[in-house]
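Down below is the structure, laid out as structure tokens.
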Amino acid sequence: MKAKVIITPKRAVLDPQGKTVQTALEHMGCSGVGDVRIGKYVEIEMDGDRETVEAKLSEYADKFLANPNIEDYRLVFED
């Protein structure tokens with residue numbers, strides 16, 4: 001099973017990379033650009049049923065992949 005872990009800074013945390021990209025897009029004349037958040041994307045293949053893989057990935061994200069003090073994450077599964 002292939003899963004994606006999408007990690008982004010928490011809303012309360014400043015995101016200087018996201019702000020830089022937002023400003024650059026505005027200077028390039030891109031209209032309608034709102035808040036930009038820059039994060040990490042991890043793609044993982046694991047054996048097991050979805051429930052087991054989800055539990056393991058949540059554990060890994062909480063302990064290693066994301067910093068729970070400043071980052072949020074969400075899991076996306078491919079069938």
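- Remark: Lys40 NZ is packed, more than 12 non-hydrogen atoms of other residues, nucleotides or ligands lying under 6.0 Å away.
- When all heavy atoms are compared, the tightest approach of Pro9 to Gly39 is CD-CA, 4.4 Å.
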* Please test Glu78 against Met1 for side chain to side chain contact (heavy atoms under 4.5 Å, CB included), starting from the C-alpha separation and ending with a verdict. => CA-CA 7 Å; Glu78 289 184 7; Met1 172 178 289; over 6 Å; no
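- Across Val42 and Ile44, no two heavy atoms sit closer than the pair CG1-CG1, 3.7 Å.
- Annotation: side chain of Phe77 is not in contact with side chain of Lys2 (no heavy-atom distance under 4.5 Å).
- Residue Asp49 qualifies as enclosed at atom CG: its count of foreign heavy atoms under 6.0 Å is above 12.
- Applying the side chain to side chain donor-acceptor pair (under 3.5 Å) test to pairs two or more places apart or on separate chains, those with a residue in residues 6-17 are Arg11-Asp35.
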In residues 62-71, what donor-acceptor pairs under 3.5 Å come from side-chain atoms, sequence neighbours left out?
residue	atom	partner	partner atom	Å
Asp62	OD1	Tyr73	OH	3.1
Lys63	NZ	Glu59	OE2	3.1
Asn67	OD1	Asn69	N	3.0
Glu71	OE1	Asn67	N	2.7

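- A donor-acceptor contact shorter than 3.5 Å links the side chain of Gln22 to the backbone of Gly34.
- Side-chain N or O atoms of Thr52 include none that pairs as donor or acceptor with a backbone N or O of Gly48 at under 3.5 Å.
- Between Leu57 and Met46 there is a side-chain heavy-atom pair separated by less than 4.5 Å.
- How far NZ of Lys19 is from CZ of Arg37: 11.0 Å, rounded to the nearest 0.5 Å.
- A chain of hydrophobic side-chain contacts below 4.5 Å, direct or via other Ile, Leu, Val, Met, Phe, Trp or Tyr residues, connects Val53 to Ile7.
- Under a hydrophobic-cluster definition in which Ile, Leu, Val, Met, Phe, Trp and Tyr are linked whenever side-chain heavy atoms come within less than 4.5 Å, directly or via other members, Val5 and Val76 are assigned to different clusters.
- Under the 4.5 Å side-chain contact rule for hydrophobic residues, Leu75 and Tyr41 do not share a cluster.
- Linking ILVMFWY residues whenever their side-chain heavy atoms come closer than 4.5 Å, directly or via other members, leaves Val13 and Val36 in distinct clusters.
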